[in-house]
Chemist: 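One structure, pasted below without further comment.
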Amino acid sequence: MSSKQKIIFILLLFIAGVSLYWQSIFIPYYGDDCKYVLNPPPANLFYFFFHPNPNPDWYRPLEMLFHILFQNIAGINTIPLHSVQLLLHLFLAWGVFYVALKLLFSFVHASISSFFMLVAQTNVFAVASNDTLSQVMGTLCGCASLWCLYAMNNHNENKKRKVILLYVFSISLFTLALFSKETSIIFCGTIAILIFVKEWNSNSARQTAFFQTVKKIFPFLLISVCYLIIRSEFITGHYDERYGLQFNFHIIKNIALFIFSVFLPVSSVTVMSMLKTKEFLPLILIVFSTLAIAVFVLLHLWKAKERKTVVFIFTIGIICLFPAALLTKVSELYIYNAMPFFALLVGIAFGNALMRFNEKVFYKKVILILFIAALCLSNSYAVYQKVNAMQRNGERANIILKNIIPFVHQIPKGGKLFLLNSPSTLPEYSVFQMNGFNVLGLNRIYHLSGRTDFEMKIIGENQLDSVSHFQKTVILSLNDTTVYNYKNHSR
């Protein structure tokens with residue numbers, strides 16, 4: 001493939017990615033994102049390397065460096081944040097294309113893999129949220145670290161300087177991945193497997209292979225241990241039982257859900273809404289369609305001549321679903337770590353299927369090309385739906401916040417503000433469908449009102465009796481985006 005063709009493909013990939021995620025660039029802070037609104041942002045970019053994060057359950061100093069930088073430059077305007085996030089996602093999609101070619105797959109295999117990585121609807125949570133730069137950076141740096149090691153092992157000893165440079169790059173990128181997000185520590189395991197496989201294949205003496213593996217993996221293990229020690233010093237939050245670890249059948253269920261989401265051709269929000277509203281007929285059709293795509297991919301991977309490569313990529317992909325697969329509560333965000341590897345597998349499967357059809361069965365090739373195009377378009381539409389939902393949540397949050405502020409002066413010093421959510425027929429799902437006051441980040445009320453001398457809580461109608469007798473309270477209710485005093489309104 002010529003350099004000109006590669007440049008044209010990169011431009012097409014960039015144009016497609018920007019077009020697809022353009023609206024995500026303007027999604028404002030809402031919900032839990034607001035924990036990352038710094039009031040005011042520190043002057044020192046490295047402040048959160050040495051202090052607890054605003055979200056006390058995490059230690060993600062590299063992500064916070066960007067939040068400090070962008071908020072010092074643009075305030076709470078999220079355009080710089082989303083622009084960088086999208087650029088990193090585009091770079092990761094291009095990386096999938098590059099790696100596929102380097103693994104000696106064709107342009108067809110590489111382009112399908114890359115576009116699937118770009119348009120997969122399950123990536124929206126990671127790419128379009130305001131608090132997931134850590135996930136995109138962690139995945140990109142972790143994958144790049146793994147690739148540097150792979151490239152290093154493919155150079156002979158005559159290029160020792162380049163080998164050393166790639167090894168240093170790999171260690172550096174792994175360190176960046178760790179300081180982006182704690183789940184990136186799983187890349188230490190994938191790196192160990194890659195080193196062991198390479199050493200095992202290149203050394204006839206098994207003892208030598210084991211020794212070389214230990215020697216090469218040691219810096220990664222040392223950095224991981226140092227990171228965990230540093231992280232333990234800055235985790236100040238209370239342990240959330242929803243994110244507890246379980247070592248039972250729950251793991252298999254989580255992995256199955258993750259893999260199902262990879263092949264899901266429609267918005268996961270649509271599926272969850274159908275599930276909660278009991279629309280079983282369309283739901284069954286979607287489930288069967290998803291399973292059919294997964295089976296098609298698995299069958300063509302099974303028939304692949306590159307069996308060892310496929311098994312290795314699949315193994316790495318499954319490993320990258322951890323430690324998230326151990327959690328009692330999971331979300332599609334955690335799939336992003338493994339998506340580059342699953343995208344490669346999808347590209348290999350569909351690419352091999354296309355290559356098998358010769359001119360005598362040309363019509364089958366046309367049908368498969370149309371199916372691949374339909375799959376990409378279906379995912380693209382799902383991305384559009386999910387991004388639109390997030391945009392609406394952000395806009396609603398800003399309007400509701402402005403409408404709440406005039407009521408804050410009614411709260412006595414040391415009083416309480418209760419935000420009453422009325423029952424809703426609309427199902428909630430993750431960051432995409434949020435009802436009532438749930439779209440708010442409560443700390444923004446403190447920021448905008450300039451007061452911190454009162455407490456706040458979002459409550460449901462079932463909690464109303466238990467709080468209505470409190471002294472010094474203001475209870476606000478909501479009608480669409482209109483805020484009103486519940487006590488006055490109910491008289």
Side-chain angles (χ1 to χ4, degrees), residues 18 21-91 124-141 176-182 184 230-231 234-237 333 387 390-402 404-405 408 431 434 438-452 456:
V18 171
Y21 277 99
W22 175 253
Q23 196 166 349
S24 73
I25 294 173
F26 307 100
I27 296 173
Y29 287 104
Y30 70 94
D32 286 347
D33 302 346
C34 294
K35 290 181 180 179
Y36 292 85
V37 176
L38 308 171
N39 189 41
N44 182 1
L45 293 178
F46 299 94
Y47 178 84
F48 289 109
F49 278 82
F50 311 103
H51 296 83
N53 273 24
N55 187 336
D57 295 318
W58 316 123
Y59 176 66
R60 298 168 183 173
L62 196 56
E63 177 184 47
M64 293 313 302
L65 182 150
F66 283 96
H67 279 286
I68 293 171
L69 175 64
F70 296 145
Q71 290 182 38
N72 272 311
I73 294 171
I76 62 168
N77 188 315
T78 57
I79 291 176
L81 175 68
H82 285 300
S83 299
V84 169
Q85 211 155 301
L86 177 55
L87 190 63
L88 294 178
H89 179 62
L90 289 170
F91 192 72
V124 175
F125 196 155
V127 180
S129 294
N130 293 300
D131 61 346
T132 52
L133 179 62
S134 57
Q135 181 66 69
V136 180
M137 283 194 301
T139 301
L140 177 60
C141 292
L176 290 176
L178 276 181
F179 281 88
S180 296
K181 190 170 183 178
E182 57 284 332
S184 299
I230 295 169
R231 181 179 180 273
F234 296 105
I235 300 299
T236 59
L333 171 66
V387 167
M390 297 172 79
Q391 176 75 20
R392 287 195 300 271
N393 284 339
E395 290 172 352
R396 280 187 65 242
N398 280 341
I399 294 170
I400 293 169
L401 276 171
K402 289 177 183 176
I404 285 176
I405 299 305
V408 173
V431 297
M434 305 176 79
N438 294 340
V439 294
L440 299 182
L442 297 186
N443 62 316
R444 293 286 295 136
I445 297 176
Y446 289 133
H447 295 170
L448 294 173
S449 66
R451 289 184 59 185
T452 58
M456 283 184 291

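All residue numbers refer to positions in the sequence shown, counting from 1. Note that the coordinates shown come from a computational prediction; the quantities given were computed from them, not determined experimentally.
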Chemist: Please tell me if the side chains of V18 and L90 come closer than 4.5 Å, counting only heavy atoms from C-beta onward.
Modeler: yes
Chemist: For the residue pair V431 and Y30, establish whether any side-chain heavy-atom pair is separated by less than 4.5 Å.
Modeler: yes
Chemist: Given Q71, which partner from the list N77, L38, N39, L81 fulfils the side-chain contact (heavy atoms from CB on, under 4.5 Å) test?
Modeler: L38
Chemist: Do the non-hydrogen side-chain atoms of F234 and P61 ever get within less than 4.5 Å of each other?
Modeler: no
Chemist: Taking only distance into account, with no hydrogens and no angle test, what donor-acceptor pairs under 3.5 Å do side-chain atoms of residues 130-138 form with protein atoms, sequence neighbours excluded?
Modeler:
residue, atom, partner, partner atom, Å
N130, OD1, H82, NE2, 2.6
N130, ND2, P28, O, 2.8
N130, ND2, D33, OD2, 2.9
T132, OG1, Q85, NE2, 3.1
T132, OG1, F125, O, 3.4
T132, OG1, A126, O, 2.6
Q135, OE1, K181, NZ, 2.8
Q135, NE2, T139, OG1, 3.2
Q135, NE2, N337, OD1, 3.2

Chemist: Has the side chain of S184 got a donor or acceptor atom that lies under 3.5 Å from a matching backbone atom of L178?
Modeler: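 No, the answer is negative, given that no donor and acceptor are paired below the 3.5 Å cut-off.
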Chemist: In the structure I gave you, are the side-chain heavy atoms of R451 and Y446 within less than 4.5 Å of one another anywhere?
Modeler: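 No, their side chains stay 4.5 Å or more apart.
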Chemist: Closest heavy-atom contact between M390 and V124?
Modeler: SD-CG1, 4.0 Å
Chemist: Between R396 (side chain) and V439 (backbone), is there a donor-acceptor pair under 3.5 Å?
Modeler: no
Chemist: Examine distances only and state if a side-chain atom of N438 and a backbone atom of G31 form a donor-acceptor pair shorter than 3.5 Å.
Modeler: no
Chemist: Main chain of C34, side chain of N443: is a donor-acceptor contact present, judged purely on distance under 3.5 Å?
Modeler: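 Answer holds: yes.
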Chemist: Any side-chain heavy atom of I405 within less than 4.5 Å of one from L401?
Modeler: no
Chemist: Is there a side-chain contact between V387 and W22 in this structure, where contact means two heavy atoms from C-beta onward sitting under 4.5 Å apart?
Modeler: no
Chemist: Is the shortest heavy-atom distance from the side chain of T78 to the side chain of F26 under 4.5 Å?
Modeler: no
Chemist: Looking at every non-hydrogen atom in both residues, tell me the closest pair between C141 and L176 and how far apart they are.
Modeler: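 Here C141 and L176 meet closest at SG-CB, 3.9 Å.
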Chemist: Which atoms form the tightest heavy-atom contact between Y29 and A397, and what is the distance?
Modeler: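 Heavy atoms only, the tightest pair is O-CB, 4.5 Å.
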Chemist: Test your reading of the model: is there a side-chain donor-acceptor pair from Y59 to the backbone of F49, 3.5 Å cut-off?
Modeler: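 Checked: pair present.
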Chemist: In the structure I gave you, are the side-chain heavy atoms of H67 and P41 within less than 4.5 Å of one another anywhere?
Modeler: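 Of all side-chain heavy-atom pairs linking P41 with H67, none is under 4.5 Å.
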